Amino acid sequence: MNDRTVKPFYSPPSLLTKQLRSALLVRRLTGWTKLPWWTTQAGKIFRIAAGCQAVGCFGYPVHPVWEVTAKCNLECEHCHARAGEIDSSDELTTEEGKNRVIDPMADVADFKTLVFSGGEPLVREDLVELVAHAKKRGFYPIIATNATLITPDMAKALKRAGTLGIAASIDSMKDEVHDAFRRKSGALRLAREGIANAAAEGMYIQINITASKINHRELPEIMAFADDLRAHVILLYQFIPSGRGEESSQLELTREEFRQEILMAGALQKDLHPVIAPVGLPEYWALHNVMRNGGRRSDVLRGCICGNGMFYIKPNGDVWPCAFVPISGGNLREKTPAEIWHHSEVFRKLRDRSNLKGICHDCSQREVCGGCRARAYAWSGDLFAEDPKCALTEEERRAGA
């Protein structure tokens, strides 16, 4: 057990080739001009994207995430985890985290990074210990956080433990908007301070944005902030009515607004330093692939990675195929990560896109998009239903067929 270690990001060497091909494809699809700058950041990026096999939802597959707690210091309106509402008495203990999550995950060759999420992971008192253990096993640890609790001392402690970077949430550059969405006065100010503290320790910086009716007109401004920070990635989440978001489904964008967002983000990408990676909007890749690549398939375009690159561990050890899909493929108190990753029925079915229905089944971009499985499930209760808000036209869905 104790000699388990993860192979480094350059093993096998083909992963580096796929990362480079993925970056070149982003340039081709969007006219991205900042790839030369990105190459100067290779020391961080190759480790952050360790295990990268393609580009798609959540930035890249394969993407293991551990929601270490449902506790949080905020009460965000869109929280898929319903942080602060869920009974936390059944959360994996420190020893379970080491013995049932981190150690056996090292046996899965696809897993190289490990994202610690929540709730708010920094409210968990043993987080630094867990990060250090993950680092000891060879993982590249990342903290997905609202950033409000990253004091200078916490940033130093996380860095010493082996944290490679943070993914910090910013939903508006207006205090009154961000704070209202996060339901805490001063949240934006504290988040900006926390991001600055992490950057001062030389960490990789990723900015997470949740696009909704509240802020979709502000997206260029928020992306400009990320660019000024020289963030490496912008994870552009879409508001999906799951978790606490079920109570605010009216905040989800319309089909036409999704299309406008895709075109806007693609246009902005040209001159941004960070790469935009939409979450819950795999049509982003499909539409740009049609417009700039003739709709041709590529093995480094994967779109939705639900079960096909995402391994999402809940606080009690349940493993979901996506953070927004509340279907368990097994529990780590009963099964190993390898058993769930390789043999879970829901994971295996999601990897075969011939199981998709409706327009998603018939679409020429099925393999590079797949539709958002979380949105399909949220609106129909059927994980394999067509994406109800696909932003492609009928003609575009036939392109490249």
Side-chain angles (χ1 to χ4, degrees), residues 56-58 63 65 67 70 72 74-86 117-120 144 146 167 169-172 177-178 180-184 208-219 222 235-262 265 277-284 286 303-307 310 312 314-315 318 320-328 346 350 356-360 369-392:
C57 192
F58 281 96
H63 202 95
V65 179
E67 186 183 302
C72 190
L74 306 183
E75 297 179 356
C76 304
E77 191 163 345
H78 63 297
C79 184
H80 63 85
R82 290 191 177 273
E85 298 179 26
I86 306 299
S117 182
E120 171 49 54
N146 60 46
S169 299
I170 298 289
D171 293 318
S172 174
V177 176
H178 180 89
F181 201 48
R182 299 279 165 176
R183 298 180 180 176
K184 183 178 177 65
N208 292 353
I209 309 168
T210 298
S212 72
K213 293 282 191 181
I214 290 173
N215 66 354
H216 70 108
R217 298 186 189 280
E218 276 194 74
L219 295 180
I222 307 171
L235 227 58
L236 185 56
Y237 284 80
Q238 309 308 304
F239 182 94
I240 295 174
S242 65
R244 193 149 54 224
E246 291 178 2
E247 300 159 13
S248 303
S249 59
Q250 74 280 0
L251 296 181
E252 187 178 30
L253 299 181
T254 65
R255 185 191 305 266
E256 182 55 36
E257 286 168 337
F258 279 136
R259 186 178 180 89
Q260 292 169 0
E261 181 186 335
I262 290 170
V279 175
L281 195 60
E283 292 88 354
Y284 177 89
C304 178
I305 65 170
C306 180
M310 172 60 71
Y312 193 84
K314 295 293 288 182
D318 282 339
W320 293 2
C322 170
F324 304 104
V325 175
I327 299 174
S328 179
V346 65
L350 284 164
L356 301 183
K357 302 174 183 177
I359 60 173
C360 288
C369 173
C372 178
R373 296 299 94 216
R375 187 158 49 247
Y377 185 78
W379 284 106
S380 72
D382 183 348
L383 187 56
F384 299 95
E386 65 182 45
D387 187 332
K389 298 197 176 181
C390 174
L392 275 67

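As a basis for the values below, the full set of heavy atoms in this structure was taken, side chains included, without hydrogen atoms, waters or symmetry mates. Note that the coordinates shown come from a computational prediction; the quantities given were computed from them, not determined experimentally.
Not counting sequence neighbours, the partners of Glu252 by the side chain to side chain contact (heavy atoms under 4.5 Å, CB included) test are Phe239, Pro241, Phe258, Arg375, Trp379, Lys389. Scored by the ring pair (Phe, Tyr, Trp, His ring centres under 6.0 Å) test, Phe58 finds His63, Tyr237 as partners (sequence neighbours excluded). Taking Ile359 as the reference, Glu386, Cys390, Arg397 meet the side chain to side chain contact (heavy atoms under 4.5 Å, CB included) condition, with sequence neighbours excluded. For the side-chain hydrogen bond (donor to acceptor under 3.5 Å, both in side chains) test, residues two or more places apart in sequence or in another chain that qualify with Asn208 are Gln206. For Ser212, the side-chain hydrogen bond (donor to acceptor under 3.5 Å, both in side chains) test picks out no residue, with sequence neighbours left out. Annotation: salt bridge (charged side-chain N to carboxylate O under 4.0 Å, His left out) contacts of Glu257 (sequence neighbours excluded): Lys213.
Residue Cys372 comes nearest to Asp387 through the heavy atom pair N-OD2, 2.9 Å, listed as atom of the first residue, atom of the second, then distance. The heavy-atom pair separating His178 from Ile170 by the smallest distance is CE1-CA, 3.8 Å. Taking all atoms of both residues into account, the shortest heavy-atom contact from Ala374 to Ile240 is CB-CD1, 4.1 Å. Residue Gly371 comes nearest to Pro282 through the heavy atom pair C-CG, 3.4 Å, listed as atom of the first residue, atom of the second, then distance. In terms of heavy-atom proximity, Arg182 sits nearest to Ser169 at NH2-CB, 3.2 Å. Across every non-hydrogen atom of Leu236 and Ala265, the tightest pair is CD2-CB, 4.3 Å.
We find the CD1-NE2 distance between Ile222 and His216 to be 11.5 Å, quoted to the nearest 0.5 Å. Interatomic distance, CZ of Phe324 versus OH of Tyr312, reported as 8.0 Å (0.5 Å rounding). Here the CD atom belonging to Glu283 is positioned 6.5 Å from the CG atom belonging to Leu392, to the nearest 0.5 angstrom. Atom SG of residue Cys322 and atom CD1 of residue Ile327 lie 10.0 Å apart, to the nearest 0.5 angstrom.
Annotation: side chain of Gln238 is in contact with side chain of Glu261 (closest heavy-atom distance under 4.5 Å). Using a 4.5 Å cut-off on side-chain heavy atoms (C-beta onward), Cys306 and Pro321 make contact. Using a 4.5 Å heavy-atom cutoff, the side chains of Asp171 and Glu218 are not in contact. Two residues are said to be in side-chain contact when any heavy atoms from C-beta on lie closer than 4.5 Å; Pro326 and Trp320 meet this criterion. The closest side-chain heavy-atom distance from Cys57 to Leu281 is not below 4.5 Å. In this structure, the side chains of Leu235 and Ile209 stay at 4.5 Å or more apart for every pair of heavy atoms. By the 4.5 Å heavy-atom criterion applied to side chains, Thr210 and Val279 are not counted as neighbours. Residues Phe384 and Leu350 meet the side-chain proximity criterion, which asks for heavy atoms closer than 4.5 Å.
A distance-only check finds a donor-acceptor pair linking the side chain of Arg259 to the backbone of Ala391 [under 3.5 Å]. In terms of modelled atom types and a separation under 3.5 Å, the side chain of Arg373 and the main chain of Gly370 share a donor-acceptor contact.
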Ser117 and Glu67: CA distance, side-chain angles, deciding distance, side-chain hydrogen bond (donor to acceptor under 3.5 Å, both in side chains) verdict: CA-CA 4 Å; Ser117 182; Glu67 186 183 302; 5.8 Å; no
